[in-house]
Amino acid sequence: MNYLDAFRDGELARRLAVAIGAEVDERRRYRLMEFCGGHTHTLARYGLEQLLPDNVEMIHGPGCPVCVLPSGRIEAAIELARRPEVILCSYGDMLRVPGRNGATLMKARAAGAAINMVYSTLDALDIARRHPERQVVFFAIGFETTTPPTAVAIKEARRLGLKNFTVFCNHVLTPAAMAGILAAPETLHVDGFVGPGHVSSVIGSRPFERFARDHGYPVVITGFEPLDVLQAIRLLIRQLNAGRAELENEYSRVVSAGGNPKAQALMEEVFTLRDHFEWRGLGSLPRSALRLREDFAAFDAERRFAVTVDAIPDHKACECDAVLRGAKRPEQCKVFATVCTPDNPLGSCMVSSEGACAAHYRYGRFSAARANA
Ligand code: SF4
């Protein structure tokens, strides 16, 4: 724990913030996007934005796996759960994300659907083993970090000969989402990226090189402790001041250029790319998500239950689309902290602790001045 505490040292953080202040060029603005919801959470929890100079602006990205699933996929999960033969297994955060007309898995469960909250894919497998009379569907979500455990569960289900276990696969890919942000014409001007730490521990830092080399954006991969995030911001500012656009790895204690080959091999064995996938906020992005390979089709819930995914509009007042693109800050949504709260989330960004709206609400660090900027 001492090791972690060293990355949370308040005095060091203040000194780092002073050093950042000494390095910024007062004549310019620095608009830096942190891709990961985990980084957004760290910024809010430790009040890091308040330590930064006024001309350094953090723009929250779409890296919250709960937030980016569109309502149509939530609704499809609810429909699966309503089938009398199905037990749907889901991570807890997904239970409160609104689908069609405010429907949620939580409400479906209250109405009688069999929905179990699980902490791991292996919990879902265990339920399948204990209930051979039911069809157990695992609602799989997340970026590259949570994909290998889903692959393990599928392979284990096959090894055990389980005929009643399937996966509703909604795993998505980080580099494709970053490319989607840069391709969107209405994207706000972003100067550089705080790159994902956990995802890079799996896929390596190399997939992010192209954003520096081909697109001219500095990228600094970093961890999730406050000193990690501040150091990444400092490195980005140095690159921008020097006119450089490079990939740097601040998180070398965890991330290598090549990542985790075993996890990558598992993903490659079980999953293949979808041609397109609809993201909340980013629209339909090519080759940005995974589905099960033919070899594992027997474990694919979309095939077994002929799942269809409809385009379902979000609540009229909800600005999650803009928040996820970095086009608006949470407090710029008119219903933020009034109608929309963690107890009564109107949009997905208020549900998970990685969601930008939930992070801002929870730590109360939203500023009226910035909201009206
Ligand atoms: S405050 Fe609520 S409705 Fe508004 S963008 Fe955030 S989650 Fe969506």
Side-chain angles (χ1 to χ4, degrees), residues 31 33-45 47 49 57-75 77-78 90-107 139 141-143 170 172 177 180-181 184 186-188 190 278-283 285 310-373:
R31 298 169 68 93
M33 175 177 274
E34 85 278 2
F35 181 89
C36 280
H39 288 144
T40 305
H41 182 90
T42 300
L43 285 166
R45 178 177 178 187
E49 286 183 276
E57 182 180 355
M58 300 308 297
I59 300 167
H60 308 319
C64 157
V66 172
C67 309
V68 294
L69 269 203
S71 299
R73 290 207 160 251
I74 308 294
E75 188 63 25
I78 294 171
S90 169
Y91 294 131
D93 278 347
M94 295 309 297
L95 266 54
R96 298 189 309 120
V97 181
R100 193 192 302 273
N101 297 328
T104 63
L105 286 168
M106 187 87 90
K107 289 176 186 168
F139 186 15
I141 64 143
F143 290 89
N170 296 277
V172 289
I181 292 168
E186 71 277 26
T187 293
L188 283 186
V190 172
E278 187 72 26
W279 295 59
R280 191 191 297 268
L282 303 181
L285 297 181
D310 298 331
I312 298 174
D314 289 334
H315 190 285
K316 273 193 298 215
C318 176
E319 305 248 34
C320 283
D321 279 14
V323 170
L324 286 165
R325 286 195 307 274
K328 285 198 172 178
R329 294 179 63 83
E331 55 269 36
Q332 289 176 313
C333 174
K334 287 193 177 66
V335 293
F336 175 80
T338 53
V339 177
C340 184
T341 64
D343 286 338
N344 180 36
L346 215 61
S348 61
C349 301
M350 191 58 95
V351 175
S352 160
S353 65
E354 293 190 18
C357 298
H360 278 232
Y361 183 94
R362 180 169 180 190
Y363 296 107
R365 300 199 192 272
F366 43 91
S367 110
R370 284 199 169 178
N372 298 325

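Computed from a predicted model, the values in this text were never measured in an experiment. These values consider heavy atoms only, across backbone and side chains, with no hydrogens, waters or symmetry-generated copies. In what follows, residues are counted from 1 in the order of the sequence shown. Each ligand, and each atom within it, is numbered from 1 in the order the structure gives.
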Taking only distance into account, with no hydrogens and no angle test, what donor-acceptor pairs under 3.5 Å do side-chain atoms of residues 349-359 form with protein atoms, sequence neighbours excluded?
from	atom 1	to	atom 2	distance (Å)
S352	OG	D93	OD2	3.3
S352	OG	E354	N	3.0

Review point. Going through the checks in order, is the side chain to side chain contact (heavy atoms under 4.5 Å, CB included) test met by L282 and V68?
Key: CA-CA 8 Å; L282 303 181; V68 294; 5.8 Å; no
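- Residues satisfying the side chain to side chain donor-acceptor pair (under 3.5 Å) criterion with E319, sequence neighbours excluded, are K328.
- Applying the side chain to side chain donor-acceptor pair (under 3.5 Å) test to residues at least two apart or on different chains, none of the pairs has a partner in residues 336-347.
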**Study point:** From CA spacing to verdict: ring-ring contact (aromatic ring centres under 6.0 Å, His included), H60, H360
**Key:** CA-CA 11 Å; H60 308 319; H360 278 232; 4.8 Å; yes
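- By the criterion of a separation under 2.8 Å, the protein N/O/S atoms near atom 4 (Fe) of ligand 1 amount to C333 SG.
- Rounding to the nearest 0.5 Å places SG of C318 at 6.5 Å from CZ of R280.
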